[in-house]
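Here is the structure we will look at.
Everything numeric in this text was worked out from a predicted model, so none of it was measured.
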Number of protein chains: 2
Amino acid sequence: MRSLLKPLDMPVNQEKILQSLIADDLVSDPESARGRLLREAAGLFRDKGYERTTVRDLAAAVGIQSGSLFHHFRTKEDILKAVMVETIRLNTAVMRAAMNAAGSNREKLKALVRAELESINGQTGEAMAVLVFEWRSLSEASQADVLTLRDIYEALWMTALNALKEDGALTADPFIVRRMLAGALSWTVTWYRPERGGLTLEGLTDQVIAMLGLTQP
Amino acid sequence: MRSLLKPLDMPVNQEKILQSLIADDLVSDPESARGRLLREAAGLFRDKGYERTTVRDLAAAVGIQSGSLFHHFRTKEDILKAVMVETIRLNTAVMRAAMNAAGSNREKLKALVRAELESINGQTGEAMAVLVFEWRSLSEASQADVLTLRDIYEALWMTALNALKEDGALTADPFIVRRMLAGALSWTVTWYRPERGGLTLEGLTDQVIAMLGLTQP
DNA sequence: TTACATACCAAGCGCTTGCTTGGTATGGTT
DNA sequence: AACCATACCAAGCAAGCGCTTGGTATGTAA
């Protein structure tokens with residue numbers, strides 16, 4: 001789903017993951033009409049909000065008539081849902097890879113923090129913001145579907161945090177730590193600007209890990 | 001503005017602060033038509049979102065005709081803005097009082113964390129959630145107005161955090177710590193349920209402070 | 001008694017919204 | 001050559017939206 005990514009400068013293994021997800025039909029090919037629409041939709045939904053984005057806005061963004069949208073998606077809400085579902089699928093795969101590549105439990109957690117910050121502030125940032133701020137625009141049925149995927153994603157985090165708890169490296173409650181991390185990391189999208197200002201994503205990751213007060217390995 | 005609070009079980013000094021703000025005309029009297037409307041609006045905006053809440057919904061919630069709303073507010077957006085402005089005013093006053101009542105710098109920070117958690121998860125919770133999630137529904141002009149008030153509120157936090165930094169108790173960057181705290185604390189509204197489940201607000205506050213890894217006083 | 005302000009109602013206007021309909025151009029398959 | 005699925009356009013419908021208008025009941029003050 002490069003549809004939700006800006007092209008180029010994507011880590012190589014992320015590109016590989018993306019290709020395999022496209023092959024399995026789990027995310028849309030960014031070159032397809034559907035993929036391009038999802039990318040534009042993510043941007044518009046983040047900038048203006050779902051409700052204030054009209055189907056005419058969406059159609060204009062990809063250069064078609066508003067009625068033609070409904071050849072690709074049954075309803076406007078289906079577009080929002082697709083943005084969310086494909087984003088979670090991609091990020092779950094990326095996070096799992098990042099975690100598996102790390103050695104110690106401590107490094108696994110850091111890899112997750114780093115990867116989530118990249119998702120939020122990098123190329124999938126628009127779609128991630130939609131996931132956070134447009135949640136209530138989904139019908140309850142769609143919320144339930146997305147929640148199922150989200151549970152898988154969250155299970156990754158809990159695996160890492162529970163392991164650290166058993167190591168004795170983490171004193172606080174893993175569930176609460178994850179909740180706090182989720183809020184803190186999501187919120188970075190409202191203030192963190194890597195381009196201007198000295199703090200790099202790596203530096204930000206270090207600050208977050210330091211703030212958790214893990215005992216030394 | 002008890003309009004944005006459920007009545008009763010409000011700390012005494014908070015009641016005093018509220019009364020003085022009403023006297024200064026900085027927040028609406030909850031007994032007034034305007035005050036009751038703002039309370040209902042906060043609830044509806046949080047539950048359904050601003051865009052999906054119609055002026056007919058708002059009018060029905062206080063038992064009048066939709067057109068009659070515009071006798072009290074010029075536009076629908078003015079209602080949203082009033083909810084936000086009055087909430088920030090009340091919370092700034094409450095936070096300042098909590099901070100002044102605390103002794104050490106460490107206790108001042110804890111008082112702020114505790115007070116913000118109370119604002120988010122207590123009686124002003126609906127309005128605080130609106131402040132977080134409906135921000136983009138404000139026009140740019142209104143955003144600027146609210147931002148001015150928000151700066152005052154944030155300055156309180158920075159005073160406390162900078163003092164701890166100078167004490168040497170805080171190692172991380174105060175600005176970043178505040179950003180992370182803002183996200184983590186706001187996010188509690190999506191998962192923290194004090195009524196069912198053992199964790200009290202006091203316990204949650206302790207977990208947050210512990211997570212900051214302050215050196216002992 | 002008159003005068004005026006406040007708080008509301010009943011009705012509805014004009015516009016925008018998501019979505020539908022009937023049709024056409026294109027390209028691949030048999 | 002005949003067929004059909006895909007991807008679109010042009011036009012517009014029905015519903016819902018924020019807000020306006022003209023009027024009425026109530027209370028207060030001169």
Mind running a 4.0 Å heavy-atom check of residues 58-68 of chain B against DNA chain C and sending the residues that fall below it, in number order? B:Gly63, B:Ile64, B:Gln65, B:Ser68
A:Thr188 OG1 to A:Glu116 CD distance, which is reported to the nearest 0.5 Å: 8.5 Å
Which donor-acceptor pairs under 3.5 Å do side chains of residues 75-85 of chain B form with protein atoms, sequence neighbours excluded?
unit_1: B:Thr75; atom_1: OG1; unit_2: B:Glu77; atom_2: N; d: 3.4
unit_1: B:Thr75; atom_1: OG1; unit_2: B:Asp78; atom_2: N; d: 3.1
unit_1: B:Lys76; atom_1: NZ; unit_2: B:Tyr50; atom_2: O; d: 3.0
unit_1: B:Lys76; atom_1: NZ; unit_2: B:Thr53; atom_2: O; d: 2.8
unit_1: B:Glu77; atom_1: OE2; unit_2: B:Ser139; atom_2: N; d: 3.0
unit_1: B:Glu77; atom_1: OE2; unit_2: B:Ser139; atom_2: OG; d: 3.1
unit_1: B:Glu77; atom_1: OE2; unit_2: B:Ser142; atom_2: OG; d: 2.8
unit_1: B:Asp78; atom_1: OD2; unit_2: B:Arg74; atom_2: NH1; d: 3.2
unit_1: B:Lys81; atom_1: NZ; unit_2: B:Asp145; atom_2: OD2; d: 2.7

Please enumerate all residues that pass salt bridge (Lys or Arg N to Asp or Glu O under 4.0 Å) together with A:Arg96, with sequence neighbours excluded. none
Start and end of chain A contact along DNA chain C [non-hydrogen atoms, under 4.0 Å]: C:dT17 to C:dT20
Pairing residues for A:Thr54 by the side chain to side chain donor-acceptor pair (under 3.5 Å) criterion, not counting sequence neighbours: A:Asp57
So which one's nearest nucleotide on DNA chain C is more toward 5', A:Asp57 or A:Arg74? A:Asp57
On DNA chain C, compare the nucleotides closest to B:Ala33 and A:Thr54; which residue's is nearer the 5' end? B:Ala33
Applying a 4.0 Å non-hydrogen cut-off, can you work out what A:Ser32 is touching in the nucleic acid: base, sugar-phosphate, or nothing? nothing
For A:Asp206, give me all partners under side chain to side chain donor-acceptor pair (under 3.5 Å), at least two apart in sequence or on another chain. A:Lys110
State which residues pass side chain to side chain donor-acceptor pair (under 3.5 Å) with B:Ser20; sequence neighbours excluded, sorted by chain then number. none
Under the salt bridge (Lys or Arg N to Asp or Glu O under 4.0 Å) test, which residues partner A:Arg193, sequence neighbours left out? none
By ring-ring contact (aromatic ring centres under 6.0 Å, His included), which residues pair with A:Phe175, not counting sequence neighbours? B:Trp191
